[in-house]
Amino acid sequence: MSDPSSQLSPLLRAGHVAHCRRCLNGLPASQTDVDASRLALSFYCIGSLDLLGVLEEQVSVKDRKSWAQWLWEQHARGKYGSGFRPSPFMTAKHLSESQKELEYTDYDTPHIIMTYTALISLAILRDDFSRLDREGLLQFISACQREDGSFSTVPGSNESDLRTLYCAFAISSMLNDWSGVDVPRALAFVATCRTYEGGYGQSPFCEAQGGTTYIAIASLQLAPATGAESETLTPLERQATIRWLLDNQDKSGGFSGRTGKDADACYCFWCGAALKILGAGHLVNSAALAMFLSRCQFKYGGIAKSPGENPDPYHTYLSLAALSMYPPEASATGTYSASWNFAPLDPLLNAKEETALWIRQHIPAARI
Amino acid sequence: MPLPDPDGVPLFAERPEWADVLPLEQYEDVNPIAPIFYTEEYKAATNYFRAIVKAGEKSPRVMELTESVIRQNPAHYSAWQYRYETLTFLLASTTSDSTPKGALPPLLAAELTLMDELAVQFLKTYQVWHHRRLLVSLTKQPSRELALIKRSLEVDSKNYHTWSYRQWLLSSFYGADENGREQDDDDEGETIEAREVWEAELDFVDTMLAQDVRNNSAWHHRFFVVFHSGGTEHEAEKERIFKRELVYAKQSISLAPSNPSAWNYLRGILTHTRTPFATLETFVKPYTVAQKSAGDAEKRDIVDLDNPPPSAEAELPCVQALEFLADIFETQGASEPGKENTEKAVELWKSLANQYDTIRKKYWEYRIREAHHGKEPRT
Ligand SMILES: [Zn+2]
């Protein structure tokens with residue numbers, strides 16, 4: 001076997017930091033569609049800085065404080081409980097200070113995916129969560145759960161798939177309180193998304209896909225034990241899932257999201273993290289993975305979905321997260337080994353272990 | 001409505017019919033994260049949109065306003081949500097006397113036409129597809145949708161949203177569940193229509209796979225059509241369908257052996273029907289050897305539906321066939337005292353690890369260790 005890592009170039013850490021800082025500073029009008037998910041983009045940028053280990057030394061305390069403050073400004077209370085909105089895109093400039101405390105309307109509610117990313121972002125910024133409305137958060141999750149066990153993005157919407165279910169599970173796990181979720185019903189929904197290939201689709205009857213397979217596997221692992229049959233995979237199911245996930249690593253070294261599609265940097269995380277959770281991380285070809293991701297680097301910073309494409313914070317963060325789980329061996333990186341060095345990642349919450357620990361210590365309600 | 005001037009549509013603020021609305025600017029913190037440098041047009045439209053939402057106005061001009069917001073930001077889910085609510089409100093409040101029986105109200109028909117355009121333009125936006133689901137729940141005309149998807153798949157044959165939408169349509173309107181469709185004896189007409197739709201669906205998949213035998217979305221759809229929806233309780237009929245699918249998968253493999261989608265489908269139908277992999281040993285073997293056997297050329301001349309040989313151009317051995325045969329041997333070896341077949345499986349895994357599929361070397365070595373430790377076989 002030719003050693004693919006023999007030509008491994010350095011990881012362009014400074015460039016990736018610069019890419020994320022540029023995006024945090026502002027986005028061009030061509031990215032107006034990010035408006036409805038700006039908190040997620042913030043998470044990918046702040047998360048990348050966390051994985052690159054530069055938050056403390058390269059970002060001033062003042063900046064970090066103002067980021068946290070902006071995140072809290074998206075926190076809102078109302079009739080469905082509390083959570084975070086994607087951005088102020090539906091919030092009107094208040095005419096007086098007293099309006100600041102107004103409850104959200106039906107068109108400006110919290111969003112479950114944004115709420116998950118806000119909690120992780122705030123933990124990265126080492127917020128103490130003293131402002132978190134835990135009861136309201138549980139009420140909000142509960143308001144998002146639908147008849148079939150899945151969760152909608154915002155209360156009452158028909159937009160629902162496995163992504164939102166994972167967010168509900170991750171938030172419940174962070175709170176260490178599952179009273180907002182009907183777990184058996186949710187797990188039954190997960191089971192209906194499983195396909196003959198061994199992966200999971202985003203909704204019942206949909207094609208197996210790497211991202212939603214991570215979501216399903218992580219959700220099964222996060223779920224509290226209820227004794228339900230759908231809670232665990234049978235040994236044969238587990239083997240089939242591992243086989244399908246590993247099969248997605250193609251000759252380029254990267255992972256594809258679906259059988260027969262081209263490799264894409266984000267699936268190095270989604271498939272890689274699912275394998276890690278299934279206890280099969282040691283079967284991933286990490287040398288080839290690093291080689292692929294090194295080729296996805298954009299020369300002026302940031303990581304793209306595939307070589308030659310334009311970078312974005314989403315693929316930058318997920319590539320760095322994949323490398324945190326699957327760092328190439330020092331022997332493969334030679335003189336550049338320091339550039340490929342990462343702190344370990346918690347694949348279940350999708351955050352640096354240190355950050356996940358902060359979450360576990362600060363988000364659950366204080367025990368008396 | 002005034003005709004757009006040569007410089008484009010005027011901003012809402014410049015239009016007399018909006019003069020009664022006080023636009024509401026977006027709130028932004030002094031130090032926002034990732035602020036977007038909006039265009040003036042977008043700012044204007046959303047300022048009016050916030051005002052309209054605050055006032056709770058649901059009038060025809062809201063349709064125009066939300067269309068403007070959506071065209072500039074198709075991910076603006078609040079605009080989609082408000083648009084839908086306005087639409088249903090207007091539909092309920094307009095008298096339908098002038099609409100011929102069976103025809104859609106003009107407002108709804110116009111919305112569908114607009115959505116046909118936006119579905120192509122914003123193919124990868126979740127909201128476009130969610131809005132369609134809501135609309136078709138109103139029109140109850142899924143067949144029109146199936147035709148549209150066909151066209152949109154011609155543009156992007158693997159688009160996930162498009163396929164998901166098709167699967168949702170079929171399962172919601174023509175019945176599908178984990179165990180297959182339930183027969184509804186009360187409504188003979190609907191049952192016949194559903195049967196015709198599912199049959200047409202199989203033809204549709206055939207066409208898609210004929211265009212690209214490696215399109216995994218089409219293979220997945222085939223499994224969905226055959227096993228989750230074409231409901232039958234008759235054992236003989238089930239057996240006939242299984243045989244048909246088996247022949248289909250084998251034929252596809254014989255034309256393009258290194259096609260993981262076809263092999264996954266083959267594995268899928270065997271597992272679904274609890275058929276041992278070993279029943280396909282004769283079929284698989286010619287795909288696992290480097291040299292084509294002398295008999296293959298002759299075999300290609302006679303049609304052998306059960307064991308179609310690899311095509312003349314096939315690159316052999318085929319990785320998926322080696323894996324499949326190793327699975328057969330592993331299962332056989334597990335119940336043998338001498339484990340002779342386990343060793344045959346190990347030889348195949350070694351060839352995958354060291355020669356034919358080196359990217360997964362660690363996986364094949366893991367399979368070897370597992371088999372030697374007498375773990376449960378997987379088939
Ligand atoms: Zn991607």
Side-chain angles (χ1 to χ4, degrees), chain A residues 1 23-24 26-29 31-38 41-42 45 66-67 69-71 73 88-94 105 107-108 153-154 157-159 192 195-197 201-209 235-236 239 246-247 249-251 253 258-261 282-285 288, chain B residues 24-29 31-39 42 46 50 53-54 72-78 81-82 125-127 130 133-134 158 160 163-164 167-168 171 176 178 214-217 220 223-224 228 260-261 264-265 267-268 271-272 354 358-363 366 376 378:
Chain A
M1 185 176 100
C23 294
L24 284 166
L27 302 169
Q31 291 192 41
T32 296
D33 60 345
V34 172
D35 224 0
S37 56
R38 247 168 85 193
L41 179 121
S42 313
C45 292
S66 83
W67 289 349
Q69 188 192 331
W70 185 82
L71 292 166
E73 288 214 335
F89 79 136
M90 278 302 288
T91 313
K93 204 177 254 177
H94 32 259
T105 70
Y107 307 98
D108 197 14
T153 49
V154 293
S157 154
N158 77 327
E159 190 184 340
T192 62
T195 89
Y196 68 92
E197 290 196 275
Q202 78 172 17
S203 300
F205 310 120
C206 293
E207 184 185 359
Q209 204 260 15
L236 288 184
Q239 293 296 353
L246 286 169
D247 230 29
Q249 188 169 24
D250 74 13
K251 287 198 168 70
R258 292 183 259 158
T259 303
K261 295 264 287 181
H282 60 291
L283 304 180
V284 170
N285 188 334
Chain B
L24 288 180
E25 274 185 48
Q26 176 172 330
Y27 167 77
E28 194 67 91
D29 180 58
N31 290 311
I33 295 184
I36 298 167
F37 304 115
Y38 306 120
T39 61
Y42 184 72
T46 54
R50 273 184 290 272
V53 168
K54 186 153 187 270
Q72 299 179 75
N73 178 5
H76 198 305
Y77 61 85
S78 304
Q81 181 190 358
Y82 201 76
T125 307
Y126 277 92
Q127 278 70 34
H130 283 287
R133 281 172 213 227
L134 293 171
K158 296 181 184 177
Y160 200 83
W163 282 106
S164 305
Q167 282 134 11
W168 174 83
S171 60
E178 284 296 286
R214 291 169 190 275
N215 184 344
N216 196 63
S217 301
H220 171 85
F223 197 92
F224 162 71
H228 288 315
S261 298
N264 282 357
Y265 188 80
R267 286 171 171 269
T271 307
H272 186 79
N354 300 320
T358 53
I359 190 105
R360 265 166 288 280
K361 186 178 175 63
K362 289 178 183 170
Y363 177 61
Y366 154 81
E376 272 187 51
R378 55 205 68 220

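A note on names: the letters A, B, ... follow the listed sequences, proteins ahead of strands, and every chain is numbered from 1.
Side-chain contact between B:Phe224 and A:Pro204 is absent, with no heavy atoms from C-beta onward closer than 4.5 Å. Between B:Tyr42 and A:Asp35, some side-chain heavy-atom pair lies under the 4.5 Å cut-off. With a 4.5 Å cut-off on side-chain heavy atoms, A:Leu41 and A:Ser37 do not count as touching.
Interface remark: of the candidates B:Arg133, B:Lys158, B:Gln72, B:Lys158 forms the most heavy-atom pairs closer than 4.5 Å to chain A. Of the residues considered (B:Pro32, B:Gly268, B:Ala75, B:Pro35), B:Pro35 shows the highest number of contacts with chain A, using heavy-atom pairs under 4.5 Å. Per-residue heavy-atom pair counts under 4.5 Å with chain A were compared for B:Arg360, B:His220, B:Lys362, and the maximum is reached by B:His220. When the candidates A:Gln69, A:Gln202, A:Gln209, A:His282 are compared by the number of heavy-atom contacts under 4.5 Å with chain B, A:Gln202 comes out ahead.
Contacts between B:Thr271 and chain A at a heavy-atom distance below 4.5 Å are absent for every atom of the residue. Using a 4.5 Å cut-off between heavy atoms, B:Ser164 touches chain A through backbone and side chain atoms alike. For A:Asp108, no part lies near chain B; criterion is any non-hydrogen pair under 4.5 Å. Residue A:Val284 touches chain B through its backbone alone, counting heavy-atom pairs closer than 4.5 Å. Both the backbone and the side chain of A:Thr32 come within less than 4.5 Å of a heavy atom of chain B.
In terms of heavy atoms, A:Cys206 sits closest to B:Gln167 at CA-OE1, 3.6 Å.
Note: A:Phe89 and B:Tyr38 fail the aromatic proximity criterion, with ring centroids not under 6.0 Å apart. In this structure, B:His272 has its ring center under 6.0 Å from that of B:Phe223.
A donor-acceptor contact under 3.5 angstrom links the side chains of A:Thr259 and A:Glu197, judged on distance only.
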